[in-house]
Amino acid sequence: MNDQAGGQPGSQTTDTITQELTRLYDQLGNTNWNEALIGLLSKVLIPAILGSLALLAAYFVAKLFSKRVTTVLCSKIDETLGRFIGKTVFYGILITAGTMVLPKLGIQVSGIMAILATAGFAIGLAFQGTLSNFSAGILLLVFRPFKVGDSVVVAGVSGKVNEIEIFTTTLDTSDNRRLILPNSSIAGTTIENISFHAHRRVDVNVWVEYASSLDATRQALTECVQLMSAWIVPGEGRGYQIMLNNLGTHAVEWSIRIWVDRDCFSAAREALIGNVKVVFDRYHIGIPHLQTQVSHAATRPIDQQPKPAASPPAIAIPGVHANHERSVPLRPRVRGEGQRR
């Protein structure tokens, strides 16, 4: 009796498992695999493929519109503004396409935005430097202290502006190096725009020896400037100047100033320095240079070296030897009892 009663729960459990497996088998057997496959294709695979194609098409459309907008604005308005607006159009089209396509794939954009909004404070703390670069980039694009193609000196480096982005600014140096500077380091320092104005002044200082005549020197410097007539920009406040600057310690200081186009500044300065040397040689005008003279005493043979002077005789002091030691050693004096009293 007990054995039969004790075996009933186990047999009931086995019967239950067998019935459940039988039911699942019957369901699998009754399943229409064609309908399941069609449902999988229609609800998952086809929307995923269409969404991917839509995003790919949106990418090419955004790239085409961005290039078109950039070309028009760079040719009509400004290259810096054109590149910035072109990138803004590109990312704007991609974001719009993403917000339209992702819900079709079952991805809720509102949930993603809610997560980003919740984590906004933490993201702001983590990206303080990035946010400062972003704000500085906005200031550079709004106030435009320089544009693409300008030669500038910013943050201690010099170069030609290649591109102004929202976070960084790219410079190309004269020796063909690419420098990428954060916008915050540019906005917080002095900005020197070398190519802002159309004309630049070339300053060359010349030192002339005192033996040369002032009139002859001025005539020679005037001839140097006349040789640069094709480079000089005429007009009010332009042209050239020849000035007597100073009477130095070793030379007379002159200064030549000529105004040239900014694009030929370096070439004009080199040509002017070369003309000064050629004309000064023709006029026999000397350019002084410091000379250092080093003199040394002649060395004599050992047998001809002067003998050292004899030392003066020692003075005899009574009670003191020649080596300055006392003949009688010093002893401590001990006072007696009578003397203490």
Side-chain angles (χ1 to χ4, degrees), residues 50-105 107-155 157 159-173 177-189 191-196:
L50 293 177
S52 300
L53 293 177
L55 291 178
L56 185 62
Y59 172 80
F60 286 107
V61 171
K63 195 170 184 178
L64 179 63
F65 270 87
S66 173
K67 186 176 180 179
R68 181 62 179 173
V69 170
T70 302
T71 303
V72 173
L73 292 180
C74 289
S75 59
K76 300 292 184 180
I77 302 177
D78 180 69
E79 186 174 0
T80 303
L81 188 62
R83 290 187 180 184
F84 175 73
I85 295 180
K87 286 190 174 182
T88 304
V89 170
F90 176 78
Y91 290 111
I93 294 176
L94 286 183
I95 293 174
T96 303
T99 55
M100 295 174 64
V101 173
L102 291 179
K104 301 296 183 181
L105 301 177
I107 301 175
Q108 297 298 328
V109 181
S110 59
I112 298 176
M113 298 302 295
I115 295 174
L116 293 178
T118 304
F121 181 74
I123 294 174
L125 292 178
F127 293 96
Q128 288 182 356
T130 304
L131 293 177
S132 64
N133 291 330
F134 176 81
S135 59
I138 295 297
L139 292 177
L140 292 178
L141 291 171
V142 171
F143 294 102
R144 300 176 63 191
F146 52 83
K147 62 182 185 298
V148 174
D150 286 348
S151 297
V152 297
V153 179
V154 292
V157 296
K160 187 177 182 179
V161 180
N162 177 71
E163 189 172 3
I164 304 174
E165 298 182 347
I166 199 65
F167 296 107
T168 59
T169 297
T170 305
L171 301 182
D172 289 332
T173 61
R177 290 180 294 125
R178 174 65 57 87
L179 301 179
I180 301 176
L181 306 177
N183 289 332
S184 59
S185 64
I186 298 176
T189 59
I191 300 174
E192 180 183 356
N193 193 339
I194 300 175
S195 57
F196 182 81

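For reference, positions follow the sequence shown, starting with 1.
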Nearest heavy-atom neighbours spanning [X] and [Y]:
X: Thr71; Y: Lys67; answer: OG1-O, 2.8 Å
X: Ile191; Y: Pro145; answer: CD1-CG, 4.0 Å
X: Thr96; Y: Gly92; answer: OG1-O, 2.8 Å
X: Gly86; Y: Thr70; answer: CA-OG1, 3.3 Å
X: Ala187; Y: Ala136; answer: CB-CB, 3.8 Å

Please examine the side chains of [Y] and [X], heavy atoms only from C-beta on, and report whether any two atoms are closer than 4.5 Å.
X: Val153; Y: Ile194; answer: yes
X: Arg178; Y: Thr170; answer: yes
X: Val152; Y: Glu192; answer: no

Could you tell me whether the side chain of Thr168 and the main chain of Glu165 form a donor-acceptor pair under 3.5 Å?
no
Is the backbone N or O of Asn133 less than 3.5 Å from a side-chain atom of Ser184, with the two atoms forming a donor-acceptor pair by type?
no
Under the side chain to side chain contact (heavy atoms under 4.5 Å, CB included) rule, what do Thr173 and Val157 come out as? Steps first, then yes or no, please.
CA-CA 9 Å; Thr173 61; Val157 296; over 6 Å; no
Is the Tyr59 ring parallel, tilted or perpendicular to the Phe90 ring (thresholds 30°, 60°)?
perpendicular
Might you confirm whether atom CZ of Phe65 has over 12 heavy atoms from other residues, nucleotides or ligands at distances under 6.0 Å?
no
Would Leu64 and Phe60 count as a side chain to side chain contact (heavy atoms under 4.5 Å, CB included) if you check the C-alpha gap in whole Å, the side-chain angles of each, and the deciding distance to 0.1 Å?
CA-CA 6 Å; Leu64 179 63; Phe60 286 107; over 6 Å; no
Got a second to check how far [X]'s [atom1] is from [Y]'s [atom2], nearest 0.5 Å?
X: Ile166; Y: Ile138; atom1: CD1; atom2: CD1; answer: 3.5 Å
X: Thr169; Y: Asn183; atom1: OG1; atom2: CG; answer: 4.0 Å
X: Ser151; Y: Phe196; atom1: OG; atom2: CZ; answer: 14.0 Å

Mind running salt bridge (Lys or Arg N to Asp or Glu O under 4.0 Å) on Lys160 and Asp150 for me, showing each step along the way?
CA-CA 6 Å; Lys160 187 177 182 179; Asp150 286 348; over 6 Å; no
The side chain to side chain contact (heavy atoms under 4.5 Å, CB included) partner of Leu171 among Ile180, Asn162, Ile186, Val154 is Val154
